[in-house]
Amino acid sequence: MFKLYNTLTRAKDEFAPIAAPAVGLYTCGPTVYNFAHIGNLRTYVFEDVLRRALARFGFKVKHVMNITDVGHLTSDADTGEDKMELGARREGKTAWDIARFYTEAFTADCRRLNVLAPDVVCKATDHIPEMIALVRRLEEKGVTYRLADGIYFDTSKFPAYGAMARLDIDGLEAGARVEMVEGKRNPTDFALWKFSPKDKQRQMEWDAPWGRGFPGWHIECSAMSMKHLGEQIDIHCGAVDHIAVHHTNEIAQSEAATGKSPWVRWWVHGEFLVLDKGKMAKSGGGFITLDAVIKKGFDPLAYRYFLLQAHYRSQLMFSWEGLEAAANGYRNLRETVLGLKEQLPVASSQLPVGKPATDNCQLTTGNYGERFDDAVADDLNMPRALGTLWEALKDGGLSAAAKLALVAHAEPVLGLGLDRVEAEKPAEVPADVAELAERRAAARKSKDFAAADVLRKELAAKGYEVEDRPGGKWLVKRK
RNA sequence: GGCGGCAUAGCCAAGCGGUAAGGCAAGGGUUUGCAAAACCCUCAUACCCCGGUUCGAAUCCGGGUGCCGCCUCCA
């Protein structure tokens, strides 16, 4: 039984899709006006784990993710500038170039984190006709109105507005310090279509029945998810910051257009990665990219391991010390797996990925495979799943083969690259370093340890460390 | 001001009424010419504080205190 927390019900409900085993999964993708930071990436890793878990439990997932390349303003209050145009000006390129560049950067980050590519990646700018059609549909339902700067959704025409977010509309109005667009009937109303400004030329604009302009930010997710997944979908993901505005508006426009409810059966939201002095944001300090993590010498998968150690619905505090600890744990995990592989005959040392642990080793793997799956099935409790794996790996009652079978069972869900762990290759070292190491080995062989130690120091001076291995072998590593 | 969440060892973290998973760090030991690795062992009478419910509470309830998030650009 796969239980998944649903923001709609605020409870862990047993997951059941509309047409099992098929599952339609829509995840809110990036706005490609800048690099993703590691907080952004936390959300995509969580969604990846969800997708892998669904596969584990026998579901056939169709995963759709959007790329927001137009219409996302610097303020959700329908004011401010389009982030894409802003990025273009900042970098002296076209908005289209900016979109292409950051989409590629994002895709590369995901690949490095072992995040599976969605089945469909769709760009907002490729779906302008679909968005216009959806706005027309809303118009026919009489829930829109026109202002000087665009077409707006009248949230008072949708009685269930804000239900998922449990918004206190009156409280919102009372505490509103949002600058409001002139003429909005309700503070919560939002733009469906914005007109191009009269005084300047936009790089991205299209003709629509109401006038030349560009789509509001929210409409893209409704239009694209309907196109690729139908008018009702099983799961829609994003991070918690989207609950109050973006997803609330998506629900309003989608359900108002189709008359079908619920539009989304499971809303699943990931929590933020936070810094000791607050959340990670693209503005201000603390904008850490995956590149920065790699430049500090960390394996991107060590960051993935770091994320997996916390539950996706808990805020996770990022610190370099914490990442260091995770990297150590991840390295130990890989070395444990490597050690197990070395204990097996060559032929069977290939990790049979995806093969259930119960296949041949039912009697010997204990119930670890089951416990691992139970943890995953309990609202993606990856910290517990990881704990179970560690417990199994340290269980003296299990054979190396059984442990490897468990690793193979866990890897398709974890995505930590444990299926391609290989012995550390001797580092490429300069000839003089190799020669020193050879001479030291010879000195050791003839028990001239004083000479050996001198040579060790010489190697250290050149920045290399030598480790002796069984059988007279050694390994030279960069310090 | 309104809404929501969280407080568990040096650090991260699970726990969802039945007597504290796991990882990192630390300490001890075995082994090794040295070093590293490996292996073994140790590491919360205790879960922010005060009350209450219960045979029994880290877990439920009430009241504090402290952090954090959203409502404003965020994933």
Report task. Would you mind classifying the nucleic acid contact of A:E321 as base, sugar-phosphate or nothing, using non-hydrogen atoms under 4.0 angstrom? Result -> nothing
**Report entry** Span that lies between the P atom of B:A37 and that of B:U19, in whole angstrom
**Finding:** 37 Å
Requested in this report: Nearest whole angstrom, please: distance from the P of B:G23 to the CG of A:L323.
Outcome: 19 Å
Requested in this report: Rounded to the nearest angstrom, tell me the gap between atom NE2 in A:H311 and atom P in B:G69.
Outcome: 20 Å
Report task. Please determine, for B:C34, whether a Watson-Crick or G-U wobble partner exists with both distances under 3.5 Å, and give it or none. Result -> none
Query - B:A9 to B:U53 separation - P atoms, rounded to the nearest Å - result: 28 Å
**Report entry** Gap in Å between the two P atoms, one belonging to B:A20 and one to B:G2, rounded
**Finding:** 41 Å
Report task. Hey, can you tell me if A:H247 and A:H236 have their rings parallel, tilted or perpendicular (30° and 60° cut-offs)? Result -> perpendicular
Query raised in the report: Looking only at atom P, what distance separates B:G29 and B:A36, rounded to whole Å?
Result: 14 Å
Report task. Please determine, for the side chain of A:Q315, which listed nucleotide (B:C68, B:C70, B:G23) has the closest atom? Result -> B:C68
Requested in this report: Find the distance A:D241:CG to B:G5:C1' and express it as a whole number of Å.
Outcome: 15 Å
Report summary line: Pairing partner of B:C3, by Watson-Crick or G-U wobble and under 3.5 Å for both distances, is B:G69
Query raised in the report: Ring centroid separation for A:F35 and A:Y102, is it under 6.0 angstrom?
Result: yes
Report summary line: Side-chain contact check for A:A310: nearest option of B:C73, B:A13, B:G22 is B:A13
**Report entry** Proximity to the side chain of A:E335 - top-ranked nucleotide from B:A38, B:C16, B:G22
**Finding:** B:A38
So which protein N/O to nucleotides 28-34 of chain B N/O distances come out below 3.5 Å?
residue: B:G33; atom: O6; partner: A:R440; partner atom: NH2; Å: 3.3
residue: B:G33; atom: O6; partner: A:R444; partner atom: NE; Å: 3.4
residue: B:G33; atom: N1; partner: A:D453; partner atom: OD1; Å: 2.9
residue: B:G33; atom: N2; partner: A:D453; partner atom: OD1; Å: 3.0
residue: B:G33; atom: N2; partner: A:D453; partner atom: OD2; Å: 2.4
residue: B:C34; atom: O2; partner: A:R456; partner atom: NE; Å: 3.4
residue: B:C34; atom: N3; partner: A:R456; partner atom: NH2; Å: 3.2
residue: B:C34; atom: N4; partner: A:D468; partner atom: OD2; Å: 2.3

Requested in this report: Return the value, rounded to whole Å, for the distance between atom CG of A:L393 and atom P of B:G23.
Outcome: 10 Å
Report task. Calculate, to the nearest 0.5 Å, the distance between atoms CG and NZ belonging to A:D395 and A:K403 respectively. Result -> 6.5 Å
Report task. Measure from CG on A:D395 to P on B:G22 and round the result to the nearest Å. Result -> 12 Å
Query - Nucleotide opposite B:G15 in a Watson-Crick or G-U pair, distances under 3.5 Å - result: B:U8
**Report entry** Side chain of A:V274 (C-beta onward), nearest among B:C70, B:G23, B:C68
**Finding:** B:C68
Query raised in the report: Does A:N381 make a side-chain N or O approach to OP1 or OP2 of B:G15 shorter than 4.0 Å?
Result: yes
Could you list the donor-acceptor pairs under 3.5 angstrom formed between side-chain atoms of residues 2-9 of chain A and any protein atom two or more places apart in sequence or on another chain?
residue: A:N6; atom: OD1; partner: A:L8; partner atom: N; Å: 3.0
residue: A:N6; atom: OD1; partner: A:W267; partner atom: N; Å: 3.1
residue: A:N6; atom: ND2; partner: A:R265; partner atom: O; Å: 2.7
residue: A:T7; atom: OG1; partner: A:W267; partner atom: O; Å: 3.3
residue: A:T7; atom: OG1; partner: A:H269; partner atom: ND1; Å: 2.7
residue: A:T9; atom: OG1; partner: A:N6; partner atom: O; Å: 3.4
residue: A:T9; atom: OG1; partner: A:A11; partner atom: N; Å: 3.4
residue: A:T9; atom: OG1; partner: A:D13; partner atom: OD2; Å: 2.6

Query raised in the report: How many angstroms lie between atom OH of A:Y33 and atom CE of A:M84, to the nearest 0.5 angstrom?
Result: 10.0 Å
Query raised in the report: Going by the angle between their ring planes, with limits at 30° and 60°, are A:F318 and A:W320 parallel, tilted or perpendicular?
Result: perpendicular
Requested in this report: Using a heavy-atom cut-off of under 4.0 Å over every strand shown, decide if A:F306 touches base, sugar-phosphate, or nothing.
Outcome: nothing
Query - Phosphate OP1/OP2 of B:A14 contacted by A:S314 side-chain N/O (<4.0 Å) - result: yes
Query raised in the report: In terms of the nearest nucleotide of RNA chain B, which residue is placed more toward the 5' end: A:R166 or A:A325?
Result: A:R166
Query raised in the report: Please give, in whole Å, the distance from B:A21 C1' to A:L308 CG?
Result: 16 Å
Query raised in the report: A:F57 and A:F15: aromatic ring centres closer than 6.0 Å?
Result: no
Report task. Please report, rounded to the nearest Å, how far the C1' atom of B:G5 is from the CD atom of A:E271. Result -> 7 Å
Requested in this report: Could you give the distance separating B:G4 and B:G64 at their P atoms, to the nearest angstrom?
Outcome: 16 Å
**Report entry** Phosphate OP1/OP2 of B:G23 contacted by A:N328 side-chain N/O (<4.0 Å)
**Finding:** no
Query raised in the report: Which whole-number value in Å describes the distance from A:F372 CZ to B:G22 C1'?
Result: 13 Å
Report task. Would you please test A:Y26 and A:N66 for side-chain hydrogen bond (donor to acceptor under 3.5 Å, both in side chains) and show each step? Result -> CA-CA 8 Å; A:Y26 186 90; A:N66 65 297; 3.2 Å; yes
Query raised in the report: Distance between the P atoms of B:U42 and B:A21, in whole angstroms?
Result: 13 Å
Report task. Taking side chain to side chain contact (heavy atoms under 4.5 Å, CB included) as the test, write out the residues that go with A:R334, two or more places apart. Result -> A:Y330, A:L418, A:V421
Requested in this report: For nucleotides B:C11 and B:C70, find the distance between their C1' atoms and express it as a whole number of Å.
Outcome: 28 Å
Requested in this report: Tell me what A:K457 touches on the nucleic acid: a base, only sugar-phosphate, or nothing, going by heavy atoms under 4.0 Å.
Outcome: nothing
Query raised in the report: When you look at A:H228 and A:D119, which way does the side-chain hydrogen bond (donor to acceptor under 3.5 Å, both in side chains) test go after all the steps?
Result: CA-CA 10 Å; A:H228 296 289; A:D119 299 292; over 6 Å; no
Report summary line: Mate of B:A20 across any strand shown (Watson-Crick or G-U wobble, both atom pairs under 3.5 Å) is none
**Report entry** B:C24 OP1/OP2 closer than 4.0 Å to side-chain N/O of A:N332
**Finding:** yes
Query raised in the report: Do the side-chain N or O atoms of A:K394 get closer than 4.0 angstrom to the phosphate oxygens (OP1, OP2) of B:G23?
Result: yes
Report task. Can you tell me the pairing partner of B:C39 across any strand shown, Watson-Crick or G-U wobble, with both distances under 3.5 angstrom? Result -> B:G29
Requested in this report: With P as the reference atom in both, quote the distance from B:G10 to B:C43 in angstrom, rounded to an integer.
Outcome: 15 Å
